Number of protein chains: 2
Amino acid sequence: MDKKDYQIIRELQKDGRQTNQELSERVGLSPSPCLRRVKNLEKAGVIRGYSAVVDPGECGLPTTAFVRITLDRHTEEVAQGFEEAVRGIDEILDCYVMSGGSDYLLRVLVADLKGYERFVRTRLHRIKGVAAIDSGFAYGTVKQSTVFPLSLGMDS
Amino acid sequence: MDKKDYQIIRELQKDGRQTNQELSERVGLSPSPCLRRVKNLEKAGVIRGYSAVVDPGECGLPTTAFVRITLDRHTEEVAQGFEEAVRGIDEILDCYVMSGGSDYLLRVLVADLKGYERFVRTRLHRIKGVAAIDSGFAYGTVKQSTVFPLSLGMDS
DNA sequence: GTTGAAATCCCAGGTCC
DNA sequence: GGACCTGGGATTTCAAC
């Protein structure tokens, strides 16, 4: 992982569909070694995949909810059951294990408040061990970046 | 935006680099109309772009912080200044306008707690109008999905 | 006007230097 | 890391419904 790798990552985060030729020019390599680096980054799991960046509102899902979850007991059994359930719920885009007050933070995408209510009733409340749910809604988005703050100043 | 469009979006969220040929087979179209639909979705802004999905930890940024921001005054001037500043700070990946207790929610990516402290000191505190900062740290990730919960059961 | 098909151009991926 | 080569996909054009 030297400076060139970070440059490649940055460029592919900005445009994951650019051709290897374009990419190689931008990072100052010839196509072959550039492609080799990309493949290595993919195999190493640094690049996990590629995805289309889609506007949720245009797809009928304009409402983002952030949900803080507290479990009633902190046993392995409860935690694993919760996490397994979370992975199976499509409305939950992200789930983080948090420090501090609550145990988990969920990012949930729904059509509207009614959809969120339905999500809570038919999904969250059916999970065993959920003690508290604290919801916050996003009215809008100021920024949504796919590019990491990688320090490109130094190499190695 | 019919059922086929949603299928295309779903497939391109799962793999944004698949060939138009693969995509057309998966959604049950021939390549030409499939490509036209993709281009239309791009022009309409439904598909905003394509990005590599990268593991933050592998890039030396294993720490995700969620920061709740409250502004001291709720004037247009303060809000616009804050939002403009946010857009220029690379460590802030996402910024949502929130309802309820706090005004904004930031998703911040840093190397460690020291990096976060530096971020707060040299970035957040230099923004005018920030009254309160409430930070929460993510220890780990249970789920991180790029696929929206699109209802593919109906068309139109 | 929208869909399927063919031809050309250009890129990806492998191999060797 | 760079250069060549080949198979395959993207893109444009054209025909058909």
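Computed from a predicted structure; not experimentally measured. FYI, side chains are in, hydrogens and waters are out, and symmetry mates aren't considered; it's all heavy atoms of this structure. All chains are named by letter (A, B, ...) in the order of the sequence lines, taking the proteins before the strands, and each is independently numbered beginning at 1.
Salt bridge annotation for A:Lys114-A:Glu117: absent, with no cationic side-chain nitrogen under 4.0 angstrom from a carboxylate oxygen.
For A:Leu23 and C:dA12, the CG to C1' distance is 13 Å, given to the nearest whole Å. Put simply, CG on B:Leu29 is 6 Å from P on C:dG4, counting in whole angstrom units. One can place NZ of B:Lys39 at 19 Å from C1' of C:dT2, the figure rounded to the nearest angstrom. Per the geometry, CZ belonging to A:Arg17 stands 15 Å off P belonging to C:dC11, to the nearest Å. At whole-Å resolution of the value, CG in A:Leu12 and P in C:dA12 are 11 Å apart. Distance, B:Asp2 CG to C:dT2 C1': 13 Å, rounded to whole Å.
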*asked:* Evaluate A:Tyr96 against B:Phe66 for ring-ring contact (aromatic ring centres under 6.0 Å, His included), listing each step before the verdict.
replied: CA-CA 10 Å; A:Tyr96 297 91; B:Phe66 287 93; 4.9 Å; yes

_Using the rule given for ring-ring contact (aromatic ring centres under 6.0 Å, His included), can you reason through A:Tyr116 versus A:Phe137, listing the C-alpha separation, both sets of side-chain angles and the distance that settles it, and then say yes or no?_
CA-CA 10 Å; A:Tyr116 182 71; A:Phe137 292 94; 4.9 Å; yes

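Sorted by first and then second residue, the pairs that involve residues 31-51 of chain A and meet salt bridge (charged side-chain N to carboxylate O under 4.0 Å, His left out), not counting sequence neighbours, are A:Asp2-A:Arg37, A:Asp5-A:Arg37, A:Lys39-A:Glu42, A:Arg48-B:Asp55. The salt bridge (charged side-chain N to carboxylate O under 4.0 Å, His left out) contacts involving residues 127-151 of chain B comprise B:Arg68-B:Asp134, where partners must be two or more places apart or lie in separate chains.
Under the side chain to side chain donor-acceptor pair (under 3.5 Å) criterion, B:Glu83 pairs with B:Tyr104, sequence neighbours left out.
The closest donor-acceptor contact from the side chain of B:Gln13 to the backbone of B:Phe148 lies under 3.5 Å.
Relative to the ring axis of A:Tyr50, B:Arg17 places its NZ or CZ within 45° and under 6.0 Å from the centre.
Of all nucleotides in DNA chain D, those with any atom nearer than 4.0 Å to a heavy atom of chain A start and finish, going 5' to 3', at D:dG1 to D:dC4.
Five base pairs at each end of the helix from C:dG1-D:dC17 to C:dC17-D:dG1 define two local axes, and these are offset by 20° (rounded to 10°).
One hydrophobic cluster, built from ILVMFWY side chains closer than 4.5 Å, holds both B:Leu29 and B:Leu150.
Looking only at side-chain heavy atoms (C-beta outward), A:Cys34 and A:Val27 come within less than 4.5 Å of each other.
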Would you list the protein and nucleotides 5-10 of chain C atom pairs, both N or O, that sit under 3.5 Å from each other?
from: C:dA5; atom 1: N6; to: B:Ser32; atom 2: OG; distance (Å): 3.0

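When all heavy atoms of B:Val147 and A:Leu93 are compared, the closest pair comes out as O-CD1, 3.5 Å.
Residues A:Glu22 and A:Arg36 each lie close to DNA chain C; by heavy-atom proximity, the contact nearer the 5' end of the strand is made by A:Glu22.
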